[in-house]
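The next block holds one structure in the form of structure tokens; read it before the comments.
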Protein chains: 2
Amino acid sequence: MRAGERAYETLRSEILDGVLGAGTVLQEVDQSVRLGVSRTPVREALRRLAADGLVEPTARGTIVTAISRADIVALYELREALEARAAGLAARRRADAPFLAIRDRLHDAPRLLAEGEAGLTRYFEIVDDLDRAIDEAAANPFLGSALRSVQLHSARIRRLSRHNPDRLRAAAGEHELIVDAILAGDAELASHATHVHLHRSLTNALATAPDDEAAASPGTDDGSRVA
Amino acid sequence: MRAGERAYETLRSEILDGVLGAGTVLQEVDQSVRLGVSRTPVREALRRLAADGLVEPTARGTIVTAISRADIVALYELREALEARAAGLAARRRADAPFLAIRDRLHDAPRLLAEGEAGLTRYFEIVDDLDRAIDEAAANPFLGSALRSVQLHSARIRRLSRHNPDRLRAAAGEHELIVDAILAGDAELASHATHVHLHRSLTNALATAPDDEAAASPGTDDGSRVA
DNA sequence: CACGCGCTCAATGTATACACGAATGATCGC
DNA sequence: GCGATCATTCGTGTATACATTGAGCGCGTG
């Protein structure tokens with residue numbers, strides 16, 4: 001695999017997993033040493049991450065962006081516009097097969113959610129597959145690209161509800177309704193069910209999110225921030 | 001200005017203006033010679049353009065992407081979701097000043113549209129300023145980023161209606177309605193008026209667009225394609 | 001004559017050296 | 001003692017040389 005690609009994926013997953021918290025400084029030389037490649041692919045990776053909005057160039061190096069409560073609200077505003085539309089398009093499209101499979105797997109969700117960390121990971125795989133299935137059914141490359149962008153940022157926020165079993169069980173039910181609506185070809189229901197789901201997710205995320213990053217004293221990197 | 005930035009903006013505007021038509025091959029060395037910089041900033045520019053969806057890497061070099069009729073439909077589908085939402089948010093926000101100014105300028109539109117090329121350019125400046133005002137009023141960085149992406153691609157398509165005065169006069173009226181709705185704080189009307197506007201624009205774009213790129217024989221670059 | 005193997009070349013991928021600019025700290029003047 | 005200015009240094013921006021890969025093509029063989 002290309003070094004630049006590897007650097008990008010490594011850094012991205014470290015940011016998404018919170019290994020690299022908000023405010024962490026990523027300097028080209030440091031990272032090139034750490035990742036064992038030259039500055040060139042690291043530069044490429046940092047540029048891509050900046051385009052994704054996960055990092056931000058500053059005078060003193062590129063830093064991992066923070067996520068404020070206002071950002072969470074804004075992100076969900078956009079998600080609602082995009083995902084409601086995508087679900088509606090998917091419902092009109094009548095591509096049943098993938099959704100039938102996902103419906104079955106979602107049925108297992110409550111059991112998975114009782115199984116601890118491994119089950120949790122598998123649960124999120126189902127949700128991700130649903131997102132992908134909707135994306136594909138919507139058959140709109142521009143919408144798909146926008147969806148991937150919001151899902152990237154959503155993944156960072158997901159850590160907030162990851163260990164909230166009540167919320168996750170409820171979310172699984174909401175997902176099932178969305179799938180059912182798509183299978184029934186009911187675009188309006190699919191769209192509204194998505195709206196409801198995101199509304200509830202947002203409420204939960206805001207309830208769980210820290211009061212907003214404590215003003216980051218330079219140099220501190222205590223991992224206590226949202227990201 | 002940084003060489004990479006200059007390379008990016010040069011290439012981007014050339015693609016948007018149709019100077020570099022769909023299918024044009026952009027090789028790093030060629031472009032670095034043409035633009036008078038080394039491969040490094042050219043690579044950066046090409047990567048950014050690829051992230052924008054304006055070019056696409058292939059085995060034989062990076063090529064300018066084509067826009068099919070299906071792409072136009074897909075783009076408008078996304079625009080509708082995004083711009084309708086943005087207009088609704090702007091209406092709720094009650095930031096009147098910029099919209100009052102734009103309303104006045106839109107009033108001049110019919111006169112501008114009778115003035116030939118220069119007036120046309122000024123007309124599109126008003127429309128762009130309206131887009132920016134809505135973006136700013138929506139006060140949502142994620143939505144803003146998505147809007148910039150669709151506006152980028154819309155600018156490529158705009159060339160199709162640029163010399164269709166009837167359509168442009170009608171569009172100016174539609175824009176005025178959107179502005180009025182925002183000024184009235186009527187989110188639903190702002191949203192629906194945007195929907196209507198985009199529906200009519202799409203209809204016009206499809207009527208004006210060529211039947212889809214003639215299968216691009218390799219090497220031909222006759223500029224007859226949509227892009 | 002058709003198929004497949006391997007060569008070759010051209011384009012991108014990567015590494016590194018050098019240039020430039022901005023932020024910082026020390027020193028000098030006031 | 002305080003402030004301004006200049007040197008220093010760290011980090012990114014750019015250029016270029018070298019490595020690698022993959023596509024096209026010619027040759028040999030079945």
Does some side-chain heavy atom of [Y] sit less than 4.5 Å from a side-chain heavy atom of [X]?
X        : Y        : answer
B/Pro210 : B/Leu160 : yes
A/Gln31  : A/Arg43  : no
A/Arg162 : A/Thr121 : yes

Original post:
Between the side chain of A/Ser145 and the main-chain N/O of A/Pro141, is any donor-acceptor distance below 3.5 Å?
Top reply: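 Here the side-chain-to-backbone pair does not exist.
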
Original post:
Quick one: does A/Gln27's side chain have a donor or acceptor within less than 3.5 Å of a partner on A/Arg60's backbone?
Top reply: yes

Subject >> Nearest-0.5 Å distance that lies between atom OH in B/Tyr8 and atom CZ in B/Arg2 >> reply: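 Rounded to the nearest 0.5 Å, the OH-CZ separation comes out at 12.0 Å.
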
Original post:
Which distance, rounded to the nearest 0.5 Å, do you find between the CZ of B/Arg122 and the CG of B/Leu112?
Top reply: 5.0 Å

Original post:
Could you state the CZ-P distance from A/Arg6 to C/dG13, rounded to the nearest angstrom?
Top reply: 14 Å

Interface polar pairs with nucleotides 14-21 of chain C, N/O, under 3.5 angstrom:
residue: C/dT14; atom: OP1; partner: A/Ala3; partner atom: N; Å: 2.3
residue: C/dA15; atom: OP2; partner: A/Ser38; partner atom: N; Å: 2.6
residue: C/dA15; atom: OP2; partner: A/Ser38; partner atom: OG; Å: 2.7
residue: C/dA15; atom: O5'; partner: A/Ser38; partner atom: OG; Å: 3.4
residue: C/dA15; atom: N7; partner: A/Thr40; partner atom: OG1; Å: 2.7
residue: C/dT16; atom: O4; partner: A/Thr40; partner atom: OG1; Å: 3.4

With 3.5 Å as the limit, what N/O pairs link the protein to nucleotides 9-11 of chain D?
residue: D/dG11; atom: OP1; partner: A/Gln27; partner atom: OE1; Å: 2.7
residue: D/dG11; atom: OP1; partner: A/Gln27; partner atom: NE2; Å: 3.1
residue: D/dG11; atom: O5'; partner: A/Gln27; partner atom: OE1; Å: 3.3
residue: D/dG11; atom: O5'; partner: A/Gln27; partner atom: NE2; Å: 3.4

Subject >> Pair B/Arg132 + B/Asp129: basic N to acidic O under 4.0 Å >> reply: yes

**OP:** Only one of B/Ile178, B/Leu147, B/Leu78, B/Leu143 passes side chain to side chain contact (heavy atoms under 4.5 Å, CB included) with B/Glu83; say which it is.
**Re:**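 When side chain to side chain contact (heavy atoms under 4.5 Å, CB included) is applied between B/Glu83 and each of B/Ile178, B/Leu147, B/Leu78, B/Leu143, only B/Leu147 qualifies.
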
Subject >> Plane angle bin for A/His153 and B/Phe142 - parallel if under 30°, tilted between 30 and 60°, otherwise perpendicular >> reply: perpendicular

**OP:** Just report the end-to-end axis angle for the helix from C/dC1-D/dG30 to C/dC30-D/dG1, five pairs per end, to 10 degrees.
**Re:**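 About 10°, once rounded to a multiple of 10°.
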
